[in-house]
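Worksheet: the structure to be examined is printed underneath.
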Amino acid sequence: MSQDNKARDFSKAAKTYRENAIVQRQMAKKLVCLVFDFCGENFEKILEIGAGTGLLTENTVKTFTYGKLILNDITNNFTGFSDCEYIKGDACHAEFPNDCSLIISNACFQWFLDIGAFLDKIQKNLAKDGVLAFSSFGEQNCRQFSEIVHTGLKYPNYKKILEKCNWEILAYEEEIQTLYFSSPLKVLRHIKSTGAMISDNKAWNKGRLKTFEECYARKFCDGNGFELTYNPLYIVAKPR
């Protein structure tokens, strides 16, 4: 997906994201708690990457004491926070300030084409004792949808990449969460509403929708409804 298309899709989903990002909201809260447990609450300079609509930002502001807050996203500032420095642009190419005490990100890194290169890039932006904390997803994420439509993100092995890029992992947790919907169409709408729809350049006409609904109902429906798996993971790390 091109950067322009990504920015367009995320901008379109800004109004619907907070209502539909059920798992991402929980992830933001858990990530901040993990940072608090391992690193404390005082940070001189915090950089948030992929701030989106501010789910992580509001937990960060509420939990930590800091001197400066810098927010980044590929879109305009939809966080609702103005008492910050905002850097608009693709995080893989944007220029970030140095000496950050904490670089933090929620449900964003899976979009980067070369996460290893990005991890190398941001090492220089950390202070001497600074830490990186991020949440993302494992390979089971949205597996039902990907199996039906034959498209989706390829989720990297963050542990291996961090070790290869000379990072020390301070904390690592992984979860499986299942959401249930009343119809396959609502699964589709949920994914689209979070801006996470991966385009395969095929139109969603009536025939394709019917095939999608029939296949989803046959494979991924139980007594609770139509299931969609999320596979959140959480990492706190520092350069070696």
Side-chain angles (χ1 to χ4, degrees), residues 1-14 17 21 24 27-28 31 35 45-57 60 68-79 81 84-127 130-139 141-142 151-169 172 194-199 231-240:
M1 182 185 294
S2 72
Q3 300 306 313
D4 288 343
N5 288 344
K6 194 186 298 182
R8 179 201 63 204
D9 290 347
F10 290 157
S11 295
K12 282 183 178 179
Y17 183 84
Q24 292 90 338
M27 290 166 64
L31 179 63
V35 173
K45 188 187 294 184
I46 297 176
L47 166 63
E48 181 185 347
I49 293 168
T53 61
L55 293 181
L56 178 60
T57 312
T60 296
K68 185 174 184 179
L69 176 66
I70 304 129
L71 304 179
N72 154 261
D73 209 306
I74 199 169
T75 64
N76 293 327
N77 186 355
F78 292 116
T79 66
F81 290 88
C84 64
E85 177 183 347
Y86 194 84
I87 300 174
K88 180 182 177 180
D90 176 6
C92 295
H93 305 293
E95 290 294 324
F96 296 131
N98 296 331
D99 300 319
C100 294
S101 312
L102 171 65
I103 297 178
I104 192 166
S105 181
N106 182 48
C108 174
F109 284 10
Q110 69 276 3
W111 294 103
F112 296 168
L113 296 178
D114 189 343
I115 187 64
F118 176 74
L119 290 169
D120 285 338
K121 171 184 180 291
I122 61 169
Q123 282 205 24
K124 68 179 177 63
N125 300 122
L126 281 171
V131 294
L132 167 69
F134 68 94
S135 64
S136 189
F137 301 99
E139 61 183 11
N141 201 61
C142 295
T151 188
L153 293 174
K154 293 184 178 179
Y155 298 98
N157 186 321
Y158 291 102
K159 275 186 173 180
K160 287 185 178 180
I161 295 172
L162 283 161
E163 290 169 359
K164 184 178 180 181
C165 294
N166 207 30
W167 290 78
E168 177 185 354
I169 297 175
Y172 179 94
T194 60
M197 182 77 80
I198 305 298
S199 174
N231 185 188
L233 55 85
Y234 311 85
I235 296 175
V236 180
K238 67 178 183 178
R240 292 188 184 278

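We number each residue from 1, following the sequence as shown.
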*What heavy-atom pair brings Gly138 and Leu233 nearest, and what distance separates the two atoms?*
N-CD2, 3.7 Å

*asked:* Let me confirm one number: the CG-CG distance from Leu162 to Asn157, rounded to the nearest 0.5 Å.
replied: 9.0 Å

_Ser101 (side chain) donor-acceptor with Ile46 (main chain) under 3.5 angstrom_ = no

*Using side-chain hydrogen bond (donor to acceptor under 3.5 Å, both in side chains) as the criterion, list what pairs up with Lys121, not counting sequence neighbours.*
none

*Closest non-hydrogen atom pair, Cys100 against Pro97*: SG-O, 3.5 Å

_For the student: nearest non-hydrogen atoms of Ile161 and Gly116, plus distance_ = CG2-CA, 3.8 Å

*Straight-line distance of Leu132 CG to Ile49 CD1, nearest 0.5 Å*: 7.5 Å

*What residues, two or more places apart in sequence or in another chain, satisfy side chain to side chain contact (heavy atoms under 4.5 Å, CB included) together with Glu85?*
Lys68, Ile70, Ile87

*Mind checking the CD-OG1 spacing from Glu48 to Thr60? Nearest 0.5 Å is all I need.*
5.5 Å

*What closest approach, in Å, do Leu71 and Ala51 show between heavy atoms, and which atom pair accounts for it?*
CB-CB, 4.2 Å

_I need the Ile122 CD1 to Ile103 CD1 distance, nearest 0.5 Å._
4.5 Å

*Going by atom types only, do Asn77 and Lys88 share a side-chain donor-acceptor pair under 3.5 Å?*
no

_Tyr86 (side chain) donor-acceptor with Asn76 (main chain) under 3.5 angstrom_ = yes

*Quick one: pull up CD1 in Ile104 and OG in Ser135 and give me the separation to the nearest 0.5 Å.*
8.5 Å

_Results of side-chain hydrogen bond (donor to acceptor under 3.5 Å, both in side chains) for Ser136 - residues two or more places apart only_ = Gln110, Tyr158

*Which heavy atom in Leu31 sits nearest to a heavy atom in Ile235, and how many Å separate them?*
CD1-O, 4.5 Å

*Can you see which heavy atom on Val35 is nearest to which on Ala133, and at what distance?*
CG2-CB, 3.3 Å

*Not counting sequence neighbours, which residues clear side chain to side chain contact (heavy atoms under 4.5 Å, CB included) with Gln123? List them please.*
Trp167, Pro239

*For Lys164, all residues meeting side chain to side chain contact (heavy atoms under 4.5 Å, CB included), sequence neighbours excluded*: none

*Atom pair CG/OG1 of Leu55 and Thr79 - distance to nearest 0.5 Å*: 10.5 Å

*asked:* According to side chain to side chain contact (heavy atoms under 4.5 Å, CB included), who are the partners of Asn231, at least two apart in sequence or on a separate chain?
replied: Gln140, Asn141, Glu174, Ile176

*Between Phe109 and Phe118, ring centroids under 6.0 Å*: yes

*Check whether any side-chain N or O of Asn125 sits under 3.5 Å from a backbone N or O of Phe96 as a donor-acceptor pair, and report yes or no.*
yes

*More than 12 heavy atoms of other groups within 6.0 Å of Glu139 CD*: no

